[in-house]
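To start, the structure itself, in structure tokens.
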Amino acid sequence: MKKVSDKQKIKDRELAKIKASLPKICYICGRNCNCEGAHILPRSTFPEYYILPENIIPLCKECHFKFDNDLSFRQQQERIFKIAKGIDKQGAIRHFKKFD
């Protein structure tokens, strides 16, 4: 089993606090639910934004899955693209595969 570093444990605790503070309303569909904290710019590509509160939004399971796995769905999310550009304009363009 892989040991988690102390530094990673601190990041994970911070992420848990951010997710716990999110509204329980899906940012995309508006459903009142037990939302998941979703990274706008994913950790795998943008680890520097892993615990940036602006990079985490509440999404229901269905919207989260579509946002992560369906590029055309993600490209339709103008409000989220605008947030992403505020975090990292070039990263947003690359992740959403769209231009301003």
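Position 1 is the first residue of the sequence, and the numbers go up from there.
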| field | Single-linkage hydrophobic cluster, 4.5 Å side-chain cutoff, F96 and I83 together | value | yes
| For P47, side chain to side chain contact (heavy atoms under 4.5 Å, CB included) partners two or more places apart | none
| query | So which pairs with a foot in residues 6-34 pass ring-ring contact (aromatic ring centres under 6.0 Å, His included), sequence neighbours left out? | reply | none
| Mind checking what makes side-chain hydrogen bond (donor to acceptor under 3.5 Å, both in side chains) contact with D12, not counting sequence neighbours? | Q8, Y50
| field | Pairs meeting criterion salt bridge (Lys or Arg N to Asp or Glu O under 4.0 Å) with involvement of residues 45-60, two or more places apart | value | none
| Which atom pair, heavy atoms only, marks the closest approach of P23 to C35? | O-CB, 4.4 Å
| field | Residue pair K97 / R74, side-chain heavy-atom distance below 4.5 Å | value | no
| request: Please answer: with hydrophobic residues joined when any side-chain heavy atoms are less than 4.5 Å apart, are L59 and L15 in the same cluster? | output: no
| Honestly curious: do I28 and L22 fall in one hydrophobic cluster under the side-chain, below-4.5 Å linking rule? | no
| Who are the side-chain hydrogen bond (donor to acceptor under 3.5 Å, both in side chains) partners of Q90, not counting sequence neighbours? | none
| task | Give the cluster check for I93 versus I40: same hydrophobic cluster or not, with ILVMFWY residues linked at side-chain heavy-atom distances below 4.5 Å. | result | yes
Let me have the donor-acceptor pairs involving side chains of residues 61-71, under 3.5 Å, with sequence neighbours excluded, atom names and distances please.
from, atom 1, to, atom 2, distance (Å)
K61, NZ, E36, OE2, 3.1
E62, OE1, R31, NH1, 2.7
H64, ND1, E36, OE1, 2.5
H64, NE2, D68, OD2, 3.1
N69, ND2, F65, O, 2.8
D70, OD1, S72, N, 3.1
D70, OD1, S72, OG, 2.8
D70, OD1, F73, N, 3.2

| query | For A92, what residues pass the side chain to side chain contact (heavy atoms under 4.5 Å, CB included) criterion, not counting sequence neighbours? | reply | F81, A84, K85
| task | Please list, chain by chain and in numerical order, all residues satisfying side-chain hydrogen bond (donor to acceptor under 3.5 Å, both in side chains) with Y49, sequence neighbours excluded. | result | D88
| Does one hydrophobic cluster hold both I80 and L41, with members joined at side-chain heavy-atom distances below 4.5 Å? | yes
| field | Residue pairs, two or more places apart or on separate chains, that pass salt bridge (Lys or Arg N to Asp or Glu O under 4.0 Å) and touch residues 38-47 | value | none
| Can you list every pair that meets side chain to side chain donor-acceptor pair (under 3.5 Å) and has a residue in residues 13-26, with sequence neighbours left out? | none
